[in-house]
Number of protein chains: 2
Amino acid sequence: MKTLRLTMSDRAILLSARFFARLPRTAAEAILEGATVSTHEAHDTLFRQDDPTDDVIVVLSGLVRLFRLGKDGREADIAVSQKGEMIGVNAVFLDRRATANAQAAEPSIVARLEGGKLRQLAAEDSDVAQALLELVCHHGKMTEDCLAEDRLLTAPQRVANYILSHCPIGSESFSFRLPFQKNVLAGKLGLAPEALSRAFSTLRRSGVIVKGRMIEIRDRQALEQF
Amino acid sequence: MKTLRLTMSDRAILLSARFFARLPRTAAEAILEGATVSTHEAHDTLFRQDDPTDDVIVVLSGLVRLFRLGKDGREADIAVSQKGEMIGVNAVFLDRRATANAQAAEPSIVARLEGGKLRQLAAEDSDVAQALLELVCHHGKMTEDCLAEDRLLTAPQRVANYILSHCPIGSESFSFRLPFQKNVLAGKLGLAPEALSRAFSTLRRSGVIVKGRMIEIRDRQALEQF
DNA sequence: CGCATCTTTGAGGAGTCTCAAGAGAGGTGG
DNA sequence: CCACCTCTCTTGAGACTCCTCAAAGATGCG
């Protein structure tokens with residue numbers, strides 16, 4: 001891991017991230033004041049569950065996996081964050097202890113914002129508070145979605161769902177590239193890698209063609225009623 | 001369902017709820033401006049998933065279950081809310097559509113706050129924004145906990161966990177009364193009622209005694225390493 | 001006391017995990 | 001350019017957990 005200052009292009013990525021994009025430029029700049037950047041190898045740990053921490057992390061490139069550890073060492077993914085997504089907001093507004101482990105799932109660059117500054121700005125600037133509220137509500141909803149999917153859907157259904165969520169509405173057949181390793185996708189969907197593999201096998205019979213990271217869908221209908 | 005005005009005791013319950021308790025009295029009063037109260041039978045639906053809605057609900061008494069429906073009609077509980085807890089905050093700060101179904105799990109009384117007013121106050125009063133942020137972060141963490149438990153723990157482990165969460169720290173043996181039907185507990189833990197029953201059977205061998213809604217724990221150690 | 005509802009128990013089956021081994025892809029060095 | 005190595009992914013087999021359906025046993029309420 002190496003620590004650096006923000007470059008111009010880092011700034012550009014940050015300012016175009018959803019959270020910052022909806023803020024007035026001056027507020028966004030104020031938050032970035034004092035931000036640092038660090039690079040990480042795949043499998044590097046960014047922080048550990050229950051560690052005291054007062055940083056919010058923004059992914060600039062790469063992929064960060066957020067997971068909890070079971071007593072037996074098994075891992076349960078809570079979220080997988082890509083470019084422009086924020087991590088650790090909950091902790092900063094609760095007890096300043098990480099709620100999960102964060103690990104780079106591939107070589108990654110992240111920015112660290114000071115939680116103290118964020119709290120201060122949230123208190124002073126209602127635009128910032130508003131943006132944070134929306135962000136956290138959105139995170140909450142995502143987690144709810146995950147929970148509901150886990151409880152309601154089988155493995156192939158979850159995978160079908162995931163694929164459909166990448167499908168532009170209205171198109172009958174389409175294709176896209178998985179944004180990360182199948183390994184990581186399996187974790188995100190709450191499956192063992194083998195289960196994901198088998199799910200793809202099942203979906204093959206419904207017109208899903210998988211070649212490496214490329215996914216091709218022939219018949220959207222068949223997927224939807226899975 | 002009957003709709004009423006706020007009584008004095010309703011007000012008292014609201015003001016002592018966690019969210020309101022940390023607000024200055026005047027801010028809390030401002031939010032309660034225009035609130036209404038309604039009573040519901042068990043199994044009454046308060047709102048349906050995807051319904052346009054701009055209310056936040058506070059449970060005054062009884063129990064409200066929040067769940068999503070699968071295509072086959074199966075239900076997945078997202079949360080179970082008791083006296084003083086708030087429902088629907090996410091929706092009010094996102095697209096004003098309910099993210100789940102809400103149903104009274106027993107005869108219940110709830111207050112409805114106007115989402116518009118809440119948004120307005122959050123923008124004007126940083127105390128309100130702060131309190132909302134903490135509330136939503138807390139909800140998010142709860143949901144994460146649920147997700148992680150689902151993925152990491154077996155049925156008996158989840159039940160043991162639940163029991164331990166009701167145990168005052170430091171006590172070796174203790175007992176308490178379930179705050180709701182086993183039916184509802186099963187849903188909250190993501191189990192079929194039969195699975196909960198069997199989990200209790202398993203735990204019986206580790207010193208857990210179940211009589212109706214009363215739970216008694218003889219040996220905390222045994223539970224913890226389950 | 002009787003009925004409706006909730007809970008427990010049993011049996012069978014669907015779904016997912018684990019372990020183990022084989023196939024494929026991508027990168028490195030000769 | 002090919003052989004080799006590593007890492008990822010797939011496939012198979014067996015075990016385990018939890019669900020579903022069915023029926024019997026509690027519990028609570030009128």
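Order of the sequence lines fixes the chain letters, A, B, ..., with proteins taken first and strands second; residue numbering starts at 1 for each chain.
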If you take any heavy atom closer than 4.0 Å to DNA chain D, which residues from residues 182-191 of chain B end up in contact?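 Hits under 4.0 Å, by residue number: B/G190, B/L191.
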
Nearest to side-chain heavy atoms of B/Q181, which nucleotide of D/dC18, C/dC6, C/dC17: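 Side chain of B/Q181 sits closest to C/dC6.
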
In terms of side-chain heavy atoms of A/R204, which of D/dT11, D/dC18, D/dC9 is nearest?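 My answer, after comparing the listed nucleotides, is D/dT11.
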
Between [atom2] of [N] and [atom1] of [X], the distance in whole Å:
X	N	atom1	atom2	result
B/L152	C/dT16	CG	P	17 Å
B/L196	C/dT9	CG	C1'	14 Å
B/F200	D/dA26	CZ	C1'	16 Å
A/R151	D/dT20	CZ	C1'	18 Å
A/L178	D/dT8	CG	P	15 Å
A/R213	D/dT10	CZ	P	12 Å
B/E106	C/dC6	CD	P	12 Å
A/H43	D/dT6	NE2	C1'	13 Å

Rounded at 0.5 Å granularity, tell me how far [atom1] in [X] sits from [atom2] in [Y].
X	Y	atom1	atom2	result
B/L185	B/R158	CG	CZ	11.0 Å
B/S197	B/L191	OG	CG	11.0 Å
A/S61	A/I13	OG	CD1	6.5 Å

Distance-minimising heavy-atom pair for A/F67 and A/A100: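 The answer is O-CB, 3.4 Å.
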
Within the sub-3.5 Å range, which N or O atoms of nucleotides 10-14 of chain C have a protein N or O partner, and how far apart are they?
residue, atom, partner, partner atom, Å
C/dG10, N7, B/R198, NH1, 3.0
C/dG10, O6, B/R198, NH2, 3.1
C/dA11, N6, B/R198, NH2, 3.2

Under 4.0 Å: is that the gap between some side-chain N or O of B/S201 and OP1 or OP2 of C/dT8?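 B/S201 to C/dT8 OP1/OP2: no side-chain N or O under 4.0 Å.
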
Looking at C/dT18, I'd like to know if its phosphate oxygens (OP1 or OP2) sit under 4.0 Å from a side-chain N or O belonging to A/R74.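 Yes, such a contact exists.
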
From the options B/V92, B/L133, B/L94, select the one residue that forms a side-chain contact (heavy atoms from CB on, under 4.5 Å) with A/C137.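 The passing option is B/L94.
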
Both A/R158 and B/S197 contact DNA chain C. Which one's nearest nucleotide lies toward the 5' end?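 Result of the comparison: B/S197.
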
CA sep, side-chain torsions, deciding dist, call: B/N101, B/E75, side chain to side chain contact (heavy atoms under 4.5 Å, CB included): CA-CA 9 Å; B/N101 304 74; B/E75 303 178 348; over 6 Å; no

Crowded around A/R204 CZ? As in, over 12 foreign heavy atoms under 6.0 Å?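 It does: A/R204 CZ has more than 12 such atoms within range.
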
Would you mind checking if B/K211 and B/E216 are paired as a salt bridge, meaning a charged N to carboxylate O distance below 4.0 Å?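 Looking at B/E216 and B/K211, the cut-off is not met.
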
Looking at B/Y162, I'd like to know if the NZ or CZ of B/K188 sits under 6.0 Å from its six-membered ring centre while staying within 45 degrees of the ring's axis.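 No cation-pi geometry.
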
